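The next block holds one structure in the form of C-alpha cells; read it before the comments.
The figures that follow rest on heavy atoms only: side chains count, while hydrogens, waters and symmetry mates do not. Every chain is numbered from 1 and lettered A, B, ... according to where its sequence line falls, protein lines coming before strand lines. Treat the numbers as computed from the prediction; the structure is a model and nothing was measured.
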Amino acid sequence: MATVTLTIDNQKVEIEESATILDAAKKAGIKIPTLCYLEDINEIGACRVCVVEVRGAKALQAACVAPVANGMIVSTNSPAVRSSRRLTVELLLSNHPTDCLVCPRNLNCELQALAENLGIREVRFEGAKPSWPVDESTPSIVRNPAKCVLCRRCVAVCEKVQGVKAIAPIERGFDTVIAPAFGHEMIDAACALCGQCTLVCPTAALTEHDSTAQTWAALADPKKHVIVQTAPATRVAVGEMFGYEPGTIVTGKMVAALRRLGFDRVFDTDFTADLTIMEEGTELLERVSHGGVLPMITSCSPGWIKFIEHYYPHLLPHLSTCKSPQQMFGALAKTYYAEKAGINPKDIVSVSIMPCTAKKFELTRPEMEDSGFRDVDIVLTTRELGRMFKQAGLDFTNLPEEPYDDPFGITTGAAVIFGATGGVMEAALRTAYEVKTGKTLGNINFTGVRGLEGVKEATVPVDGIDVKVAVAHGLGNARKLLDKLAAGQADHHFIEIMCCPGGCIGGGGQPIPTNTEIRQKRINGIYAADERMAIRKSHENPAVQALYKEFLGQPLGHKSHELLHTHYTPRGKYPKTDK
Amino acid sequence: MSLTCDCLDAKYQELDQILNQYNGQKEALITVLHKAQELFGYLPQDVQIKAADALSVPLSEVYGVITFYALFSTKPKGKYKIAACKGTACYVRGSERVLERIQKELGVKAGDTTPDAKFSLEVVRCLGACGLGPVMMVNDDVHARLKPDKIPGVLSRYQ
C-alpha cells in the first residue's frame, strides 16, 4: 500500500495513504482526545473534540475523519486547537447534569475525563437543560437522555454491528433525543436488550438496570439462603475493574469475594453449561436421526433469542428447546439443590453474575418458573458485581483463590469456553464426536470455530457423517446466516449464534471499555482457562453424571423436559400504533 | 377529519402502489414519505410502519427523518393551514403577540390542529414578506401587517 509522510507536532510520520490524521497521531504517540469517535463503527466527525490545525486549511479539521496527505503539517496542540476543544466541551457541559459524584459512570465517564484532560475548571455557559424522563421500562437497560451528548455511538453500534437500530436520533436541534421510534419507551421497541449501547455510551445516558440494592437486601435477610452462579465470561473480565490486564483469569478471587459479600453458596454456571451440552447434543442427534428441523441453532444467548423472536419468528423451530445455562441452573437450584440441601425453595434467592443485560430480561420471562418459583431471582452484570466488591471494601487483588461449592462447582473446560464465540460449538463437537463414535479425540481443540471472524464455518467428520457447522457472533452477522437459512441456502446441521460481538466476553454487561482488542484478550483468557481444567469434555463431568443418575434420569428425559427445556414467543417487529 | 372509510381505503390502496414501486429501496425514503404525506395530509404511525417495512428501513430511522424535517407532520392537518411567521423581521414587529392571539382564538398550541379539524397552526421562520410583517399565511392567502386584534376577523373568513 502506498504511504505518505506528514509532520505532526514537528515529528515526521509515515503512514498508509488511507489513514486519518487521528491514526497518524496515534502512530506518533500523540493522543488526540475524541468523543463521538468509535473505531470502525462511528466515524462521523460530529463532536469536534478531536480538531487539529492543518497548515493551509481554512478551518480546524476533525482528526478522526480528516485524511492524511503527503507533506501535511499538523499541529494537535496549538492555542487555537486547545481553545476550540475547550469551547466544545464547555458547551457540552453547559446542558449536562453536574451530578457526577452520584452518577453511575462517576470515574469511568469519557465526558468527565475530557473535562479533566482539557483542564476545564469552569464552565462559562449556563445552558437550558432538557428535562427528559428517565426510561426504566425494561429490566435490562436504563435510558437517561438528560446525560446524552448526542455522539450517536449507541445508534451506530445498534445499526452497524447488531443490525437492529432500535434507537435513532429523533427531532432536531435542541429537542434532539436518542430514542425508539415514535419516542416510545425501550420496552415498546424491537430491541434485543443486548446492552451494546451501554458499552459504547461515553456517559450514563445508557446504563444497565442496577440490581445491587436488591442483592444487598437479600444478602442482609437472615431468613434467605442466597446462592450465586457465575457465567464463564465473568471470570476473565471482572479483574479489569481492579487493575488487572483484560483477560486475566480471576476465578478463585471472584469466588472468594462472593463469599465475603455473604453468599451462602457460590456455584458456577459452567456446571449447567456442561449440562446444556448433554441436553443440546442429545437433541441434535435426535433431530439428525429422526428428521427433525435442521439446522438446529443454539439458544444460550437471551439477546439472540429476543432478536429472532422479533425479526425472524418463522425460524423459531430451528432453535434448540434448551434453556440457557443460567435458566437451567435456576430451575435446578430450586428443585434438585433445594432437595439435596434440605432447604425450602421459597427461602432460596438465586442470583446470577452475567456479562449480559439481556439476562435481566430473560429471568422475567413468564415461562421461567418451572421449579414452581421464579427460577432466577436477580441478575447482576459483571459491572455491578465489580461495584459491589468495591462497596464492600474488598481488597480484591489480595484475596486468596477459593474453589466453588459442590455440587454445582464441578465443571469442565468445555463449559468455560461457552464464554467465547465458537465455544458452545466446540464443546458440543468434543462431546458429540466421542459419544457418537465411542472413540477418544486425539486433538480436542477445534480451532476452526474460534476467533473474531464474523461468520465461521467448518465441516467435522463424525462417524461417517460430515457434520456441517456454522458460528456467528453479533446480530449483524447472525442476520447474514439467517438470511441464507431463510433462502434455503444453509445446509448446516448445527449453528451457534451469540448476540454480542466476540460472544459473551464482549457482552453488554461487561466492564467498560470493551473493544476489539480487549475482546481478543478476554478470548485468550477463556481458552487459557480451558487448558487449565483437569476435565475438558462435558460428558466427563462427574457431577453432571451424578445429576442424571440421582435426579434427571437421562438427557431429554421427562424431568429434563420439565425443567431444562422451554418454548419461544413470536414478537412483532413494530410497536402498536396510536390508532 | 372528514374522511370517510371508503376514502381511507382508497388512500391505503394508493399507498400500497407507491410502496410497491419503491420496494426495498432505502434511498427512496424521503420521496416515499412526501408521496404518502400528499396522500394522507400527514404521516400516521401505521403509514410510517408500512413505509419502513416496504423499504427495509428501521422504523426508528423513518421516524427520525420525519421528525427532523419540518415539512413532515405526524399530526393531521386542518382544512386551513395557518403558517404564522416568527422570523426576525416579524418578530421585532410583534409577531409573538399575534401568535399568542391566534393560539387563544383557536384554543390550540403551535404544531396542533383544532378538534374540529378546521385549523392547524404552524410557526415558520420567514415567509419572504418581511416588509409586510407581521405576516401569516392561511393556505395560500397572505395576511399582512397583523395586529392581535385583527386575528378574529381574519379567522372568521375561513369557515
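Against chain B, the residues from residues 150-164 of chain A that qualify, each with a non-hydrogen atom under 4.5 angstrom away, are A/Glu159, A/Val164 in number order. Residues of residues 60-70 of chain B placed with any heavy atom under 4.5 Å of a heavy atom in chain A are listed by number as B/Ser60, B/Glu61, B/Tyr63, B/Gly64, B/Thr67, B/Phe68, B/Tyr69, B/Ala70.
Heavy atoms of other residues, nucleotides or ligands lying less than 6.0 angstrom from NZ of A/Lys484 number 12 at most. With a 6.0 Å radius and a threshold of 12 heavy atoms from other residues, nucleotides or ligands, B/Lys104 has its NZ atom at or below the threshold. Annotation for B/Arg97: atom CZ does not count as buried by contact number, only 12 or fewer foreign heavy atoms lying within 6.0 Å. Within a 6.0 Å sphere centred on OH of B/Tyr91, other residues, nucleotides and ligands contribute 12 heavy atoms or fewer. More than 12 heavy atoms of other shown residues, nucleotides or ligands fall within 6.0 angstrom of atom NZ in A/Lys129.
The CD atom of B/Gln45 sits 13.5 Å away from the OH atom of A/Tyr574 when rounded to the nearest 0.5 Å. To the nearest 0.5 Å, atoms CG (B/Leu59) and NZ (A/Lys165) are separated by 11.0 Å.
Across A/Ala168, A/Gly183, A/Ala166, the residue that shares the most heavy-atom pairs under 4.5 angstrom with chain B is A/Ala168. Note on A/Ala181, A/Ala190, A/Gly173: by heavy-atom pairs under 4.5 Å with chain B, the leading option is A/Ala181.
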